Amino acid sequence: MSESIQSIRGFGDVLPAESPVWQFVEETFKAELKRYGFDEIRLPIVEKTELFARSIGEVTDIVEKEMYTFQDRNGDSLTLRPEGTAGCVRAALQRGLLHNARPRLWYTGPMFRHERPQKGRCRQFHQVGAEAFGLSGPDIDAEMILMSGRILRALGLQNLRLEINNLGSKASRAAYREQLVSYFEGQADQLDEDARRRLHSNPLRILDTKNPAMVDVVRDAPDLLAAIDDDSRQHFETLQQVLGAANQAFTVNSRLVRGLDYYGGTVFEWISDDLGAQGTVLAGGRYDTLVAQIGGRATPAIGFAAGIERLVALVEAAGTAPAPTRPHAYLVIGDPDLLEEAIALAERLRDALPGLQLEVNAGGGSMKSQLRRADRSGAALALLLGHEEVAAGEVTVKDLRGQAEQARVAMDALQKTLLPLCTQ
Ligand code: ATP
Ligand code: MG
């Protein structure tokens, strides 16, 4: 026997036992996004490499070392999307969604980053993202943050904290950046390799270090919020007031930054302490310059992306997903001769009862082995169809979970027997 082929490192499968939790997470997002006025957009998984280089930033971790970039047969440089915002902006521009409109869009799907796989970090991972275009005020920032909080509550997740910050305008950020670089230059011996590399390319990102050895040097760094411009400060204050009025708890973390270049102004993260170092489950912020950077007219925008793997892990631990559904009934076929009758009966029942989950025994087998399969399927009832039953126009109904007596039911009355199960 030849060796079986394994998956690629960092590329997971979602197994049948896990998919109910995934569906719960995805459906919860979908329902709440709709309530806040967001419409779904479906985007390609592959885009031109240039799109990501231009939007995410040449000197970010993602573009420097994490992208899956390849040449297609025409020699074009293409990349598996590492995130969804760039493609969403590209589509909104290209398809004219920003003309005289302020679309609120969401998307979901796999993203790809060549990172070191570990708990909560994979190379193919999944996000749900939401983006709102054309709005520059703290009102939409508050709506997005409150919506994300509502989604996380609807998932039954309690121990999450919201951190917010404001990165200021481009000009104030540039001034702060200089302060920060000269501070870190003075502490060069305390910087780790990543920080030294970022010192001149992306120094704000040093504030986001996950290295415990850097805590002190980062704590004493100049304060970002002391350096932001007045407009940003006003925006940030209003946002905090609106969140307060909506009873949304938060902490201001002046060291909160984002790893992608396009962010400015409001940024926020939802963080769990139950996931170790990979604690951020949902992160977002404003990117008012990105649309112009990609070639459109200046359009303010704000968005977030949530990591589904991390949310699934939390939902599994919290046990808040609804139990997976089992078949309502399992049809046991008493004799191979009765195949036609059995399948026709099953189809009639499915026509009559749209909610019915009915599994028909396939692959033959003795009565005993079919009943064993019925039991293993988790079905509530076994329906037995033998020659005697067919002759009498009846079906034997066997309760697989409770104490009810086995009973013969007329085929015409079977719907009535099954109906209460399907509407539960
Ligand atoms: P981190 O600091 O954890 O690397 P990031 O800043 O790179 O995150 P974003 O690009 O903002 O993350 O993505 C938003 C969310 O997507 C993250 O908060 C996280 O939940 C999830 N995410 C990002 N990268 C991965 C990954 N490699 N595996 C699993 N989930 C991920
Ligand atoms: Mg990352």
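Since we're looking at a predicted model, the values are computed, not measured.
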Can a salt bridge be assigned to the pair [X] and [Y] using a cut-off of 4.0 Å between side-chain N and carboxylate O?
{"X": "Glu347", "Y": "Arg350", "result": "yes"}
{"X": "Arg104", "Y": "Asp39", "result": "no"}
{"X": "Glu40", "Y": "Arg42", "result": "yes"}
{"X": "Asp375", "Y": "Arg401", "result": "yes"}
{"X": "Glu64", "Y": "Arg197", "result": "yes"}
{"X": "Glu193", "Y": "Arg196", "result": "no"}

Would you please say whether a donor-acceptor pair under 3.5 Å links the side chains of [X] and [Y]?
{"X": "Ser232", "Y": "Ser169", "result": "no"}
{"X": "Trp270", "Y": "Thr280", "result": "no"}
{"X": "Gln187", "Y": "Gln190", "result": "yes"}
{"X": "Ser254", "Y": "Asn165", "result": "no"}
{"X": "Gln278", "Y": "Gln118", "result": "yes"}
{"X": "Arg373", "Y": "Asn361", "result": "yes"}

Point to revise | Residue that, paired with Arg121, satisfies salt bridge (Lys or Arg N to Asp or Glu O under 4.0 Å) out of Glu309, Glu115, Glu66 | key: Glu115
Could you report the tightest heavy-atom contact between [X] and [Y], atom names first, then the distance?
{"X": "Leu371", "Y": "Ala382", "result": "CD2-CB, 3.9 Å"}
{"X": "Ser4", "Y": "Gln6", "result": "OG-NE2, 3.2 Å"}
{"X": "Phe268", "Y": "Gly285", "result": "CE2-N, 3.9 Å"}
{"X": "Thr85", "Y": "Glu131", "result": "OG1-OE2, 2.8 Å"}
{"X": "Leu199", "Y": "Phe184", "result": "CD1-CB, 3.4 Å"}
{"X": "Ile206", "Y": "Val218", "result": "O-CG2, 3.8 Å"}

**Study point:** Phe11 and Tyr68 aromatic ring geometry - parallel, tilted or perpendicular at 30°/60° bounds
**Key:** perpendicular
Exercise for review: Step through the shown structure and confirm whether more than 12 heavy atoms of other residues, nucleotides or ligands are within 6.0 Å of CZ on Arg102.
Suggested key: no
Check your understanding: Checking side chain to side chain contact (heavy atoms under 4.5 Å, CB included) for the pair Phe236/Thr238: CA distance, chi angles, key distance, verdict?
Key -> CA-CA 5 Å; Phe236 196 39; Thr238 307; over 6 Å; no
Review point. Going by heavy atoms in the side chains, are Val291 and Leu93 under 4.5 Å from each other?
Key: yes
Exercise for review: State, yes or no, whether a side-chain contact exists between Gln158 and Leu152 at a heavy-atom distance under 4.5 Å.
Suggested key: no
Practice item. Go through the steps to decide whether Met214 and Leu191 satisfy the test side chain to side chain contact (heavy atoms under 4.5 Å, CB included), and finish with yes or no. Key: CA-CA 7 Å; Met214 297 259 301; Leu191 301 184; 4.3 Å; yes
Practice item. With side chain to side chain contact (heavy atoms under 4.5 Å, CB included) as the test, would you mind laying out the steps for Asp208 and Arg255 before giving the verdict? Key: CA-CA 7 Å; Asp208 188 40; Arg255 288 178 189 78; over 6 Å; no
Practice item. Identify which one of Val281, Asp273, Leu282 satisfies the side chain to side chain contact (heavy atoms under 4.5 Å, CB included) criterion when paired with Leu160. Key: Val281
Check your understanding: So Tyr287 and Val89, side chain to side chain contact (heavy atoms under 4.5 Å, CB included) or not? Walk me through it.
Key -> CA-CA 11 Å; Tyr287 51 91; Val89 171; 3.9 Å; yes
**Study point:** Qualifying salt bridge (charged side-chain N to carboxylate O under 4.0 Å, His left out) pairs with a residue from residues 182-192, counting only residues at least two apart or across chains
**Key:** none
